[in-house]
There are 2 protein chains.
Amino acid sequence: MLTFTEENYLKALFQLSAEKGIDQVGTTELAQHLNLKPASINDMLKKLKEKNFVETERYSKITLTDEGKRRGAEIMRRNRIWETFLYDKLDFTWDEVQEVAEQLEHVSSKKLIDKLYDLLESPEFDPHGNPIPDLNGNLKVQFRKTLAEVETGQSCKMVAVKESSNSFLQCVMNLGLVLNNKITVVRRQEFDDLLDIEINGRIHTVSQKLAQNIYVLCLNCQKESTCIKHLCNLN
Amino acid sequence: MLTFTEENYLKALFQLSAEKGIDQVGTTELAQHLNLKPASINDMLKKLKEKNFVETERYSKITLTDEGKRRGAEIMRRNRIWETFLYDKLDFTWDEVQEVAEQLEHVSSKKLIDKLYDLLESPEFDPHGNPIPDLNGNLKVQFRKTLAEVETGQSCKMVAVKESSNSFLQCVMNLGLVLNNKITVVRRQEFDDLLDIEINGRIHTVSQKLAQNIYVLCLNCQKESTCIKHLCNLN
DNA sequence: AAATAATGTTAGATTAGCCTAACATAATTA
DNA sequence: TAATTATGTTAGGCTAATCTAACATTATTT
Ligand SMILES: [Mn+2]
Ligand SMILES: [Mn+2]
Ligand SMILES: [Mn+2]
Ligand SMILES: [Mn+2]
């Protein structure tokens, strides 16, 4: 059995690796993600290495083993399923789900998570647009870019958010933006990098920082916009 | 914020007090209930006293303070709501809910528990027939007796189970007994105290021990069989 | 009332998970 | 290349929650 804390570490390692597309995570990086000090990370790494969940050598980066990946993916699956449940069935808002799902993800019961997944009708994405691994560890990956990268004049569809902080999510909600909304980049201001975007016929001005945290699919390249990626065996 | 462990202690104290109908719990008794050693109980009691959740003097019994009761009742409410959710919405069986609810009860989110309660349409009893405190801390109490106390020839209705062990619950399930079933005590065997009972037209023989763990309402005294009891303010 | 059993307490140890402060190595910049 | 900055490690300390073993008090029998 994994402890609550070990689960958080494995999920974090899995997420950071996935985001970067490379199986190497740094001590400081992980510490920042988990709001801990690098020294604490080292203590825990000793334990995770002991248990064969990570591989790491002195002064080099951390890599998850296959078993470590499996466990990390499992927690990620639980987290996203719970978020979906809270959002779909209990009227939680976008910015409320994270905190509660962070706790619920640690409840260990295969039956529980599988039944929830059924109840939600096998969702492919969580409320933030992040993919949920299915029962075989397969993930529906979208080839998305950030709103900041969309060319002026182009239209796109919001499919996910990057940041998960409340301040960011509330900001997006205030714009009236929800997943699958169409966004058109109308204009870019040279001087301060602000973007004028059109949502539902209205023009809003947003910062570069905000645009970098919104994932979109361009409307003209949707044929090859998703693929199935096998992460690891969840059984 | 209470820790996971403190919550378990307060719930246990609250339950034991309630079952006994007296606000005094012993160290050893509590240790047994929580599967711990008496020495560990003492350590934790120091902390709970510090925080004003219990009152206790050297070599005497433990009493919950009002605030301690409130917290205990809150965890009990969460536990029973989760059990009901698992049973009603996710097809868990009688004997499966306990273990998972024991974990879920520690997720702290007022909104979560209130929304679940709505989703389940304000249930008054959990799958084991135990009452769920409502939002004001009111409980629907039934004046029940055990099946062992029912006179020969009398009929009654099963409203709850006492024990929560899997072996007991499975035993009851094997008899085809579910809550609200009518049971008639047909015969008592002098020699070994076994009872013959009739359920759905079939006769079964059951032990005294089993009968002592099944709560029933007698069919002829149903007018005054329940009352509302105010436990404590849950807000 | 004395002996015995039951119950409660204390001291001292252990483990998990975190910290700070000092130090070591690696990467970047001048 | 030398200095500086960033990153990673270690030693030593802290708290929460548990344990065992020894001891103290209270309750129950004889
Ligand atoms: Mn978590
Ligand atoms: Mn999410
Ligand atoms: Mn619990
Ligand atoms: Mn129950």
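Just so it is clear, the values below take in all heavy atoms, side chains as well, and ignore hydrogens, waters and symmetry mates. Proteins come first, then strands; the chains are lettered A, B, ... in the order of their sequence lines, and each starts at number 1.
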Exercise. For the pair made of CG in A/Asp43 and P in C/dA21, what is the distance, rounded to whole Å?
Worked result: 16 Å

Problem set entry | Distance below 4.0 Å between A/Thr3 side-chain N/O and C/dG17 OP1 or OP2 | yes

Problem set entry | Interatomic distance where NZ belongs to A/Lys46 and P belongs to C/dC18 [whole Å] | 14 Å

Exercise. Counting just side-chain N and O atoms, does B/Lys47 come under 4.0 Å of either OP1 or OP2 of D/dA17?
Worked result: yes

For this session: Name the nucleic acid region contacted by A/Leu36, choosing base, sugar-phosphate or nothing; use a 4.0 angstrom heavy-atom cut-off, strictly under.
Result: sugar-phosphate

Exercise. Which part of the nucleic acid, if any, lies within reach of A/Lys61 when heavy atoms closer than 4.0 Å are counted: base, sugar-phosphate only, or nothing?
Worked result: sugar-phosphate

For this session: Measure the distance from CD on A/Gln32 to P on D/dA6 and round it to the nearest whole Å.
Result: 12 Å

Exercise. For B/Glu57 and A/Pro38, take the nucleotide of DNA chain C holding the closest heavy atom to each; which residue's nucleotide lies nearer the 5' end?
Worked result: B/Glu57

For this session: Please check the phosphate of D/dA17 (OP1 and OP2 only) for any side-chain N or O of B/Ser40 closer than 4.0 Å.
Result: no

Exercise. Does A/Asn42 have a side-chain nitrogen or oxygen under 4.0 Å from the phosphate oxygens OP1 or OP2 of D/dT9?
Worked result: yes

Exercise. Given atom CG of A/Leu45 and atom P of C/dC18, what is their separation to the nearest angstrom?
Worked result: 12 Å

For this session: Would you please confirm or rule out a distance under 4.0 Å between OP1 or OP2 of D/dA24 and any side-chain N or O of B/Arg58?
Result: no

Exercise. Honestly, is B/Arg70 close enough over B/Phe14, meaning NZ or CZ under 6.0 Å from the six-membered ring centre and within 45° of the axis?
Worked result: no

For this session: Please report, rounded to the nearest Å, how far the C1' atom of D/dA21 is from the NZ atom of B/Lys37.
Result: 12 Å

Problem set entry | Among A/Lys140, A/Gln142, A/Arg80, the one residue meeting side-chain hydrogen bond (donor to acceptor under 3.5 Å, both in side chains) with A/Glu124 | A/Lys140

Exercise. Rounded to the nearest Å, what distance is computed from the CD1 atom of residue B/Ile62 to the P atom of nucleotide C/dT7?
Worked result: 13 Å

Exercise. Within this structure, what is the CD-to-P distance between B/Glu7 and D/dA16, rounded to whole angstrom?
Worked result: 16 Å

Exercise. Looking at B/Thr5, does any N or O in its side chain come under 4.0 Å of the phosphate oxygens OP1/OP2 on D/dA16?
Worked result: no

Exercise. Does OP1 or OP2 of D/dG8 have a side-chain N or O of A/Thr28 closer than 4.0 Å?
Worked result: yes

Exercise. Heavy atoms under 4.0 Å, any strand shown: does A/Tyr9 hit a base, just sugar-phosphate, or nothing?
Worked result: sugar-phosphate

For this session: Round to the nearest Å and state the distance from A/Leu16 atom CG to D/dT7 atom P.
Result: 14 Å

Exercise. Any idea which heavy atoms bring A/Ser109 and B/Phe92 closest together, and the distance?
Worked result: OG-CZ, 4.1 Å

For this session: Report yes if the side chains of A/Tyr215 and A/Leu147 come closer than 4.5 Å at any heavy-atom pair, otherwise no.
Result: no

Exercise. Would a 4.5 Å heavy-atom cut-off, applied to side chains only, mark B/Leu45 and B/Ile41 as touching?
Worked result: yes

For this session: Verify the contact: side-chain N or O of A/Tyr59 to OP1 or OP2 of D/dT10, cut-off strictly under 4.0 Å; return yes or no.
Result: no

